[in-house]
Amino acid sequence: MSNEAVAAHAHHEDYLAHKGFRSWALTLDHKRIGVMYLFTTLFFFLTGGVLALLLRLKLLTPGPALFTDHTYNVLFTMHGVMMIFLFIIPAIPSSLGNFFIPLLIGARDVAFPRLNLLSYYVFLAGIVVTIGSLVSPMDTGWTFYTPYSARTGAAITTLTLGLFLVGMSSVLTGLNFIVTIHTLRAPGMSWYRMPLFIWAMYATSVIQVLSTPVIAITLLLLAAERLFGVGFFDPAKGGDPLLFQHFFWFYSHPVVYVMILPAMGIISEVIPVFARKPIFGYRAIAYSALAIAFIGFLVWGHHMFVSGMSTTAGVIFSFLTFFVAVPTGVKIFNWIATLYRGSIALDSPMLWALAFIFLFIIGGLTGLFLGALAVDVHVHDTYFLVAHFHYTMMGGTVMGLFAGLHYWYPKISGKMLNERLAKIAWCLIVPGFNITFFPMFILGVQGMPRRWAEYPEKYQGLNTLATVGSWILAAGIIIMFVNFWRSLHRGATAPANPWQGNTLEWQISSPPPEENFEVIPTIHEWPYNYGTDRRAHDGEHHRQA
Amino acid sequence: MASTTDKHNEAPSGAHKEAPVSARLGIWTFLATELLLFGGLFTAYAQFRGMYPELFHLQHLKLSRPLGALNTVVLLTSSLTMAVAIGAVRRARQKTMNLCLMLTLALAGVFLVIKYIEWSHDFAEGIFPKTNIFWGLYFVMTGLHGLHVVGGMAVLAALIVLARKDRINAEHSAPVEVFGLYWHFVDLIWIYLFPLLYLIG
Ligand code: HEM
Ligand SMILES: [Cu+2]
């Protein structure tokens, strides 16, 4: 990147220059829309987190305390729904994806900016309806299995409508990204010169677009069931509850990859920058994203081992499930190979990336236990499962999100974070996380079922430990957010490229100008040529057209 | 779904006669999602038909084949007028396009009126979605399809207004072309629904 181009941007207005409510509410700028998504989803992360702390507080002691069993059901349903549908599914794609996809491919915006804003408002509408329904005590868990969900008195119909809207927003966003990545790449950016975050987002968008309609129709059928009394899922009326589960998991399993793939994309960006090495196995990482997306559609049945499905089907699903582990393993291998003999800089984004790898490996391996038919029947619906999915979702995706937030914070806000505070937060969150969730594996093996508000004495020790862990975790998260907020006002001004990255977003000022690029850059090679001998050539990587 | 690329993203070379790649790719992706949405219903249909063949046979006899057939003709015709509208806009025949869009809108209206007659007839006979699985499927499938027709009519009305203001023309034809694909899709779904529900039940 030539310095003249940076200078040329210096007097150009950055995307945050305009102030006022209208300039945000009516914006078509993908960066602002990304920021709005970021605030919205993080809000639900924090709210869902407070609920989690309440749940853990209740489990501090075995007996009745604090609130009733029913309240417990309501709270874990709210926690699950918020975390899954309002936070983790949209979090990375809609916020960081929106902000960085156009920047990373050298485009001025996404393909359909108006559609982009529309999908934000559809998301908001979905949130309002969802929250509205959660106010009525909802106790089905986030999977709302029929026939219970078709009969319970809670506002399931409203909830399904809300989630339908949230899903629609996610389809529109995915569609927008697919078209953007196909049509708006800068000249010279062939598919193999795309940053890996883009590959990940592409695979994610494909899953979103192909699986969300299935949950949409499922929710519509559930609504029809409740409103008009059709009995598709109700055995009493000749319907088939397994049909619901098939539909539900046909969506919800692939969606696990909507949760994890974007985080993997972030890790693939962060690691080469902070190891100062070219990423190892670029194509393998790129293809494995697509492979995960593809296989992800074939394995939904592993959620239904105990549902009365045929044994043959069970064995097939079990086998296919192991298969997904292959591309995932490929990625992890490649990251570690990249780290190997790198000159590693332990800045905060890298620390989060390392936490991701460590925790996600635990989550992934225990997933294999669950995927193995025989074991799963034993630990199914115990705390083993709760530990597993928190390790993958929080230990994986959320750590990936944190890596992304620390990595791109200077670009988004134009300010540097306080590294010391960031590291203190890390030192609380990573151990706190393990203290909270690791005991749950043991509890699960010992047989403590999930979704219990009270439990036998013998499980007390580990439960108390987990609850104390959740406090440490919470303290770390508070410090991290204080850091985000504080740095907005007091942070040092960020240079264009604080981490010496090669991808395009670092070649423009921080925060980026409104139109991203004065001149659309022409790409001559892939972005991962790090290493001392390459430094001299830095200026040639993304020479301007 | 009928949105087009925003101005500031287009290549500076500007005007293109055909709908831009992005618009076409966008609508095809959207239609893929629609296909999956209806796919769920077709799966449910297959499942329950397999479970209750006699029920399906007995119940489907209560549907009016003549009305169903008439509606098929109406919808197919509207697909034709839509195709003519697209041909017209490409050749800058503004008037023909306008006329055809309005015809399409009118035919869509006729389709819904006939559907309304069928449904109210059913209700009068005491047949409701909860009567049994067949009717549940029937009302949900035709209902969702009907909602797609209603949505299509709203977009058609918007297109007609835009055409009046000369916002749609040979240079800028993407909205009509893209909507045409959607409309053919709605037609296509009906072409599956009609035999499944009315003919082979
Ligand atoms: C702040 C740390 C968190 C703590 C302490 C925590 C704690 C808990 C607890 C105690 C339960 C109830 C388990 C049961 O009784 O079966 C639960 C359920 C759940 N959590 Fe978390 N959680 C945290 C973060 C997250 C995150 C970040 C996500 C997802 C992104 C998440 C997703 C879920 C889901 C999906 C459920 C299942 C709800 C259900 O059974 O319907 N949690 N969590
Ligand atoms: Cu799964």
Side-chain angles (χ1 to χ4, degrees), chain A residues 28-29 102 107-116 118 167-168 171-172 174-184 205-206 208-221 223-225 227-234 237-240 242-244 246-247 250-251 514-515 520, chain B residues 1-12 19-48 50-52 55-56 123 127-144 147 174-175 178:
Chain A
L28 296 181
D29 183 348
R108 296 229 152 89
D109 207 324
V110 292
F112 309 111
R114 265 176 248 278
L115 190 68
N116 203 13
L118 175 72
M168 200 163 118
V171 168
L172 295 180
L175 187 154
N176 215 337
F177 288 170
I178 291 177
V179 177
T180 304
I181 294 171
H182 269 280
T183 59
L184 293 180
S205 305
V206 169
Q208 267 175 315
V209 164
L210 294 185
S211 69
T212 315
V214 178
I215 194 71
I217 194 69
T218 316
L219 294 175
L220 281 182
L221 291 179
E225 194 127 348
L227 289 174
F228 310 119
V230 296
F232 296 145
F233 305 133
D234 189 346
K237 293 184 178 155
D240 185 354
L242 271 195
L243 188 67
F244 180 88
H246 277 294
F247 279 170
F250 182 80
Y251 164 77
E514 213 173 321
E515 297 269 276
I520 296 291
Chain B
M1 105 223 80
S3 49
T4 51
T5 333
D6 221 64
K7 275 283 168 284
H8 66 286
N9 256 330
E10 279 167 25
V21 186
S22 53
R24 275 178 283 148
L25 188 59
I27 187 73
W28 280 112
T29 316
F30 175 74
L31 292 182
T33 70
E34 288 281 69
L35 195 64
L36 284 155
L37 187 75
F38 281 98
L41 284 178
F42 288 122
T43 310
Y45 177 90
Q47 164 95 353
F48 291 123
M51 282 167 79
Y52 313 106
L55 175 87
F56 272 57
F123 294 154
I127 295 174
F128 296 101
K130 66 173 167 216
T131 302
N132 57 44
I133 295 263
F134 176 84
W135 291 101
L137 274 171
Y138 170 78
F139 283 110
V140 171
M141 288 172 118
T142 55
L144 189 64
L147 283 180
V178 158

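None of these values were measured; they are calculated from a predicted model.
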Student: Rounded to the nearest 0.5 Å, what separates atom OG1 in A:T218 from atom CG in B:L41?
Tutor: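 These two atoms lie 9.5 Å from each other.
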Student: Please look at B:F128 and chain A and tell me whether the side chain, the backbone, both or neither of the residue comes under 4.5 angstrom of a heavy atom of that chain.
Tutor: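 Neither part; nothing is under 4.5 Å.
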Student: To the nearest 0.5 Å, tell me how far B:Q47 CD sits from A:L242 CG.
Tutor: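 Nearest 0.5 Å value for the CD-CG distance: 8.5 Å.
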Student: If you round to the nearest 0.5 Å, how far is CE of A:M168 from OG1 of B:T33?
Tutor: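 Going from OG1 on B:T33 over to CE on A:M168, the span is 10.0 Å.
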Student: Using every non-hydrogen atom in the two residues, find where A:P213 and B:L36 come nearest and quote the distance to one decimal.
Tutor: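 It is CB-CB, 3.8 Å.
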Student: Name the region of A:L221, side chain, backbone, both or neither, that has any atom closer than 4.5 Å to a heavy atom of chain B.
Tutor: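 It is the side chain, since no backbone atom gets that close.
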Student: Restricting to non-hydrogen atoms, name the atom on B:L37 and the atom on A:A216 that form the minimum distance, rounded to 0.1 Å.
Tutor: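 Result for this residue pair: CD1-CB, 3.7 Å.
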Student: Considering only heavy atoms from C-beta outward, does the side chain of B:T43 approach that of A:I217 to under 4.5 Å?
Tutor: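 Not touching, per the 4.5 Å side-chain cut-off.
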Student: Measuring heavy-atom distances to chain B, does A:L172 have an atom under 4.5 Å in its side chain, in its backbone, in both, or in neither?
Tutor: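 For A:L172, no heavy atom lies under 4.5 Å from chain B.
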Student: Pick one of side chain, backbone, both or neither for A:L243, based on which atoms fall under 4.5 Å of a heavy atom in chain B.
Tutor: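 Interface part for A:L243: side chain.
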Student: For the residue pair A:L175 and B:G26, what are the closest heavy atoms and their distance?
Tutor: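 In terms of heavy atoms, the two residues are closest at CD1-O, 3.7 Å.
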Student: Between B:F139 and chain A, which part of the residue has a heavy atom less than 4.5 Å away: side chain, backbone, both or neither?
Tutor: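 Neither part, no heavy atoms under 4.5 Å.
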Student: Hey, which of B:G39, B:A44, B:A32, B:G136 has the most heavy atom pairs under 4.5 Å with chain A?
Tutor: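 The option with the most such pairs is B:G136.
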Student: Is there a side-chain contact between B:L137 and A:F232, using heavy atoms and a 4.5 Å cut-off?
Tutor: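 SC-SC contact between B:L137 and A:F232 confirmed.
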Student: With a 4.5 angstrom heavy-atom cut-off, which part of A:V171 approaches chain B: side chain, backbone, both or neither?
Tutor: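 Contact with chain B involves the side chain of A:V171 alone.
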Student: Any idea which of A:V214, A:L227, A:L210 has the most non-hydrogen atom pairs under 4.5 angstrom with chain B?
Tutor: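 Heavy-atom pairs under 4.5 Å are most numerous for A:L210.
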Student: NZ of A:K237: more than 12 outside heavy atoms within 6.0 angstrom?
Tutor: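 Enclosed: over 12 neighbouring heavy atoms sit under 6.0 Å from NZ of A:K237.
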